[in-house]
Number of protein chains: 2
Amino acid sequence: MAQKKEYLSKNQKIVLDIIEKSSQPMKAYSILFNVQKKGLKAPPQVYRALDKLVEIGKIHKIESRNAFIACRNSACTITNATAFSICESCEDVKEISSSKLSKYLSNFQDKEGMKYNKYNLEFFGICKKCK
Amino acid sequence: MAQKKEYLSKNQKIVLDIIEKSSQPMKAYSILFNVQKKGLKAPPQVYRALDKLVEIGKIHKIESRNAFIACRNSACTITNATAFSICESCEDVKEISSSKLSKYLSNFQDKEGMKYNKYNLEFFGICKKCK
DNA sequence: CTGTTATTGTTATATTATAACAATGTAATA
DNA sequence: TATTACATTGTTATAATATAACAATAACAG
Ligand SMILES: [Zn+2]
Ligand SMILES: [Zn+2]
Ligand SMILES: [Zn+2]
Ligand SMILES: [Zn+2]
């Protein structure tokens with residue numbers, strides 16, 4: 001389920017390429033700046049590509065930071081179950097791939113027995129380097 | 001730890017009051033519109049109040065929606081451990097108060113044994129009414 | 001080729017959030 | 001009281017994030 005689509009469009013490839021080259025989340029307008037030499041001139045071109053890439057699970061949005069990071073979680077077959085650790089000091093972000101965690105959360109039911117088809121979890125703390 | 005402060009300032013009270021009267025998350029500019037009759041005219045006045053109210057745990061930000069909801073989780077002594085269920089159809093949002101869930105997540109350690117002092121979890125699905 | 005759909009290019013604008021600085025209020029204390 | 005320190009407020013302007021709308025082009029199945 002990680003990949004719902006085999007081929008990416010030109011703009012989607014360009015945007016994904018930039019994001020994959022970065023080890024850290026990138027902001028939309030920083031992506032825009034970086035792809036201008038490739039001919040993408042306006043925000044909608046970037047945002048459309050971002051939307052699609054998020055949809056097919058190639059990238060994830062870090063909601064608390066309004067930034068986008070490439071998915072490197074090869075075990076991340078469930079694109080709609082994401083977890084990240086975020087350092088509040090250096091802003092380093094890592095995708096967490098714990099099958100135990102994802103099982104626990106995917107099976108979570110609220111008081112009324114409702115189950116969810118999607119979740120996003122963001123952990124915050126101070127990373128090793130910053131300690 | 002839910003309340004770090006006994007008294008709220010005038011603007012903080014006004015903003016909190018509006019949010020508490022709403023059963024659902026409110027957007028900052030909708031709050032602004034609603035408090036203009038009370039004399040708060042400009043965005044910074046609202047955003048400052050929001051920042052403080054989030055900090056002391058009176059409200060939470062729903063990151064995926066850029067909206068703010070009052071904390072009604074009386075058991076929510078840990079303001080920095082938040083979980084919500086969000087209906088993707090009607091946008092209904094509920095704060096989840098499950099001590100089991102919060103214990104599990106507060107104790108979660110990543111591969112390198114790192115623990116976190118804060119998390120935010122957002123579940124997505126279709127609520128009962130919308131089914 | 002023809003109709004259909006996805007993608008792209010483009011301009012303008014909407015929405016969310018903060019910088020910067022002056023003015024005022026509040027409270028402890030010299 | 002006068003003095004200081006600090007939090008809060010008011011205000012203007014602007015930054016940062018994201019989408020609407022529509023025309024043009026490309027991709028592709030029938
Ligand atoms: Zn992933
Ligand atoms: Zn760090
Ligand atoms: Zn709460
Ligand atoms: Zn619903």
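Chain letters run A, B, ... following the sequence lines, proteins first, then strands; residues in each count from 1.
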* In terms of the angle between their ring planes, are A:Phe123 and B:Tyr119 parallel, tilted or perpendicular, with boundaries placed at 30° and 60°? -> perpendicular

* If you measure only the distance, is there a donor-acceptor pair under 3.5 Å linking the side chains of A:Ser97 and B:Lys111? -> yes

* To do: Find out if a path of hydrophobic residues (ILVMFWY) with successive side-chain heavy-atom gaps under 4.5 Å connects B:Leu32 to B:Leu8.
  => yes

What integer distance in Å separates [X]:[atom1] from [N]:[atom2]?
X	N	atom1	atom2	result
B:Glu55	D:dT8	CD	C1'	14 Å
A:Leu32	C:dG9	CG	P	13 Å
B:Leu53	D:dT8	CG	C1'	13 Å
A:Gln12	C:dT7	CD	P	6 Å
B:Leu40	D:dT8	CG	P	14 Å
A:Lys52	C:dT8	NZ	P	10 Å
B:Gln45	D:dT12	CD	P	10 Å
A:Tyr7	C:dT7	OH	C1'	18 Å

* Nonpolar side-chain network containing B:Val93, other nodes, edges under 4.5 Å -> B:Ile62, B:Ile69, B:Phe84, B:Ile86, B:Phe124

* Structure fact -> For B:Phe33, the side chain to side chain contact (heavy atoms under 4.5 Å, CB included) test, sequence neighbours excluded, returns B:Gln36

* Asked: Run the salt bridge (Lys or Arg N to Asp or Glu O under 4.0 Å) check on B:Glu122 and B:Arg65 step by step: do they pass?
  -> CA-CA 10 Å; B:Glu122 298 180 5; B:Arg65 298 299 186 261; 5.8 Å; no

Give a yes/no answer on whether the side chain of [X] brings an N or O atom under 4.0 Å of OP1 or OP2 in [N].
X	N	answer
A:Asn11	C:dG9	yes
A:Lys41	C:dT10	yes
A:Ser9	C:dA6	no

* **Salt bridge A:Asp17-A:Lys21, side-chain N to carboxylate O under 4.0 Å** => yes

* **Footprint string (nucleotides 17-28 of chain D, 5' to 3'): B base within contact, S backbone only, - free, heavy atoms under 4.0 Å** => BBBBB-------

